[in-house]
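Notes to accompany the following structure.
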Amino acid sequence: MNNSANNHKFSLTTPLYYVNGVPHVGSAYTTITADAVARFQRLQGKSVLFITGTDEHGQKIQRTATEENVEPQIHCDRIVDSFKSLWDKLNIKYDRFSRTTAPKHQAIVNEFFDRVWQKGDIYLDRQQGWYCVSCEEFKEERELIEDHHCAIHTNKPAEWRDEENYFFRLSQYQQELEELYQSNPDFIQPASRRNEVLNFVKQGLKDFSISRVNLEWGFPIPVDDKHTIYVWFDALLGYVTALLDPEDEPTLDNALSKWWPINLHLIGKDILRFHAVYWPAMLASAGLPLPTKVFGHGFLTKDGLKMGKTLGNTIDPFDLVDRYGADAVRYYFIKEIELGKDGDFNETRFIEVLNNDLANVLGNSLNRTLGMLKKYCQSNAPQLTSADYGGDHPLKSIGMDLGDRIVQMNNNLQFSQGCEEILNLVRSCNKYIDDSAPWTLFKEGKQAEIEQILYAVLESVRLSAYLLSPIIPDISTKIYQQLGFDWNFNTDRYPQTVDDFLIHSQWGKLAIKQTLDKASPVFSRLELSSEA
RNA sequence: GUCAGAGUAGCUCAGUUGGUUAGAGCAUCGGACUCAUAAGCCGAGGGUCGGGAGUUCAAGUCUCCCCUCUGACACCA
C-alpha cells in the first residue's frame, strides 16, 4: 500500500439536488451509496470530505416559489430543510452541504467564469429557434409536432425566440476529452455508461449556452448583467464552493488547496453527460485538474415499473425510513441492487431480504452464540486468536482474507458483491454451529472444544459487523457493543486509523472482552405493513 | 430509425478461453435437532438457459435471423 498523502485523502460528492420538490427516493439511493463509500474510506483511516447539497437556481424554482406565494429563497430554505432531515433519518454523515445560493458560491462562480472568459472560451451569440417554455429549451424543427407544439408538452405551442446567449466553447475540447477517456479508462464508470459517452463525444461536440435572459433567480453573467448564468455552469461549481472551510475567503485557490481534485462524483445516469463531458471541459478551460472518477448509477423501479407521478407509484423515502428504519433501507438499496444497473423495489422482497440477511442470518448467529456462551461458559468469552485454529477451519478459512477482498470490491464500488461475501461467512457460522453441536459437547463435558467453536463464531460475526458498518452502522454498533466494545459507528467513537483497520479487518487478530453482557436482538424481524 | 446492452428456476442473480446429470440466495414443501429473533441445519420439487436456424464430436457459452425490454442519439437535475 502506498502511504503517500494523496492516498490518505478521499473526497466525493453526490449531485447537488434540484430543490424543485422534496427529496425523492432516487436522491436517497444516491446519497446512501455515497455515504457508504465515505464511511468505508474513513474506516480505512483516510481523511474524507463527503459533499452533498442542493442546486437552487432557475426558472422552475422561481415559478414554484411564486405559486407558493413566497420568495424563492424561502422556498429553497424549506426544501433544504427537508433534505437535511431525510439525510439525518438515514444516518447520512456528510461533511459539507453545498447550496448554490450560498453567498460564497457567487464569488467562486465569478472567479471561475473569469478564468474561462480570459481563456476566450465564452462568447456571445444569437440563438434562434422554437423554444418550449415548459422544457425551458430550444427545440429542433424536426422535434416538434403539428403547429410547432412540443412533443412533450402538447398543450402549449413552442414559441419562436430570437435571443442572444453566452456560449461555452465545448467544441474546443473534443480531442482533450477523448484523450482523457483513453488514458483514464476508469474515469467514467460503469463501462456501459462509458461507452455511451464515448459514442456521444465521437459524434462531435457542440458549444452550449450558459446564460439565459428573462431569468431573475440566479447569478448575473459577470460581464453582462442582462444575462443570468444558466443551470449547469452554476451548479457544477457548487462542488468547488463546498471545499471551502468556513473561515476561508471565497477564492478558487483557497477552495482547491486541500481537497481538489474530487476522487468520486457519484451521480444518477441521467446527468452523466454533464459530469463526464461538460464538467471536465469546463475545468480544463479554467486550467484545473480533473476529477478522478464519475460513476453513473442506475435507476429504481417499483414492482418492475418506472416510478412517476403519472403512474402514482412513487416511493416516499420518509415513509420508508419511518416504517423500517435507516439500516433496513440502506441495506436493501446497497445489497439488493447492483450499483450501475437499474434495480427494483418490491416491498415483499424488501421484507424477505432484511428478515433473512439481517435478522435470521446476522442477528441470530450472534444471539444464539451469546446464548450458548452464557449457558456453557458463564458468559466468559474465550481468549483465543487466529493462531489457535488451523488454516482449514471452516470459518477461519473464509475470514482470513475477507477483509482484503472487501477492500478491493468496495473500492470498485461493488458493495453488493461485498455484502454477499460477508453474508457467506455468517451463513457458514450457522452451519458450523449445527455441524459441531456445542449442546452435545456440553453434555459430554468437552469445554475446550465448545470454547473454540464459540470464539470462532463470535470473531466471524465481529468481523462481519465491522466490514458491514459503512452500510448498517446501527446494527454494527449494537453487535460491537454486545461483544464488549464501547464503540459507535455513527459517531467518531471507534478506532479509525490505517493501523486500526489492518487489525480489525482481519479474522482472529482482536481480543474480545472477557465477560460479555446479555444478548438482545440487533435487528427485529419486520412485518409487511398492510397499506394499500 | 441508428448505435449499445440485456433476456438463465416463482423472485434477485452467478455461469471462466464452447466440454461430465445448468448453479447460489430467497420463496415453497418435507425431515431431524434445540443454543437462538418458530430463527438455524438437512433434503426435495422447480429451468426445452427469449424463439428459430447453423458451425462443432460437443453450445447457456460461437455465427446468422427474429421477438421483447432498457439506455444513448446534443443542452432531460
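Numbers restart at 1 for each chain; the letters A, B, ... are given by sequence-line order, proteins then strands. Please read all numbers here as calculations on a predicted model, not as lab measurements.
Residues A:Asp357 and A:Lys335 are paired through a salt bridge, judged by an N-O separation under 4.0 Å between the basic side chain and the carboxylate. Taking the charged nitrogens against the carboxylate oxygens, A:Arg427 and A:Glu420 do have a contact shorter than 4.0 Å, which makes a salt bridge. The pair A:Arg194-A:Asp186 fails the salt-bridge criterion, with no side-chain N (NZ, NE, NH1 or NH2) lying under 4.0 Å from an Asp/Glu carboxylate O.
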>> For a quick check, with a 4.0 angstrom heavy-atom cut-off, what is the B/S/- contact string for nucleotides 32-39 of chain B, read 5' to 3'?
In response: -SSBBB-S
> With the sugar-phosphate defined as primed atoms, P, OP1 and OP2, and the base as all remaining atoms, what B/S/- string results for nucleotides 11-16 of chain B, 5' to 3', for protein heavy atoms under 4.0 Å?
Replying inline: BS-S--
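The CG atom of A:Asp270 sits 16 Å away from the P atom of B:A74 (whole-angstrom rounding). Here the P atom of nucleotide B:G40 and the NZ atom of A:Lys431 are 14 Å apart, to the nearest Å. Taking atom CZ of residue A:Arg194 and atom C1' of nucleotide B:A4, one finds them 14 Å apart after rounding to whole Å. Going from atom CH2 of A:Trp217 over to atom P of B:A77 covers 18 Å, rounded to whole Å. In this structure, the OH atom of A:Tyr332 is 16 Å from the P atom of B:C26, given to the nearest Å. The distance between atom CD of A:Gln59 and atom P of B:C75, rounded to the nearest whole Å, is 17 Å. To the nearest angstrom, C1' of B:A77 lies 10 Å from OH of A:Tyr230. With rounding to whole Å, A:Phe274 atom CZ is found 7 Å from B:A77 atom P.
Checking A:Glu196 against A:Asp357, the closest nucleotide of RNA chain B that is more toward the 5' end is the one next to A:Asp357.
No engagement by A:Ile267 is indicated, since no non-hydrogen atom pair under 4.0 Å with the nucleic acid exists. Using a 4.0 Å heavy-atom distance criterion, A:Ala235 is classed as a base contact. As judged by a 4.0 angstrom heavy-atom cut-off over every strand, A:Glu420 is placed among residues making no nucleic acid contact.
If you check B:U2 for Watson-Crick or wobble pairing at under 3.5 angstrom, you find it paired to B:A72. Summarising the base pairing, B:C26 is matched to B:G10 through a Watson-Crick or G-U wobble pair whose two defining distances lie under 3.5 Å. Using Watson-Crick or G-U wobble geometry with both donor-acceptor distances under 3.5 Å, B:C49 finds no partner in any strand shown. Across the strands present, B:U55 finds no partner; the criterion is a Watson-Crick or G-U wobble pair with both atom distances under 3.5 angstrom. For B:U16, there is no paired nucleotide, since no Watson-Crick or G-U wobble pair has both relevant distances below 3.5 Å. Pair check for B:A39 finds none; no Watson-Crick or G-U wobble contact set falls under 3.5 Å.
A:Tyr17 and A:Asp55 are not linked by any side-chain donor-acceptor pair at a separation below 3.5 angstrom, with hydrogens and angles left out of the test. A side-chain N or O of A:Gln73 and one of A:Asp77 form a donor-acceptor pair less than 3.5 Å apart. A:Asn430 and A:Ser365 share no donor-acceptor pair across their side chains, judged by distance under 3.5 Å alone.
Centre separation under 5.5 Å together with a plane angle under 30° does not hold for the ring of A:Tyr278 and the six-membered base ring of B:A74, so they are not marked as stacked.
For A:Lys202, no side-chain nitrogen or oxygen approaches OP1 or OP2 of B:C3 to under 4.0 Å. Look at A:Lys60 and you'll find a side-chain N or O under 4.0 angstrom from OP1 or OP2 of B:A77.
Residues A:Asp342 and A:Gly298 come closest through the heavy atom pair OD1-CA, 3.4 Å.
Only the C1' atoms considered, B:C49 is 16 Å distant from B:A24, to the nearest whole Å. Comparing the same atom, C1', in B:C64 and in B:U20 gives a spacing of 30 Å after rounding to whole Å.
Of the listed nucleotides (B:C3, B:C75, B:A72), B:C75 has the atom at the smallest distance from the side chain of A:Phe167.
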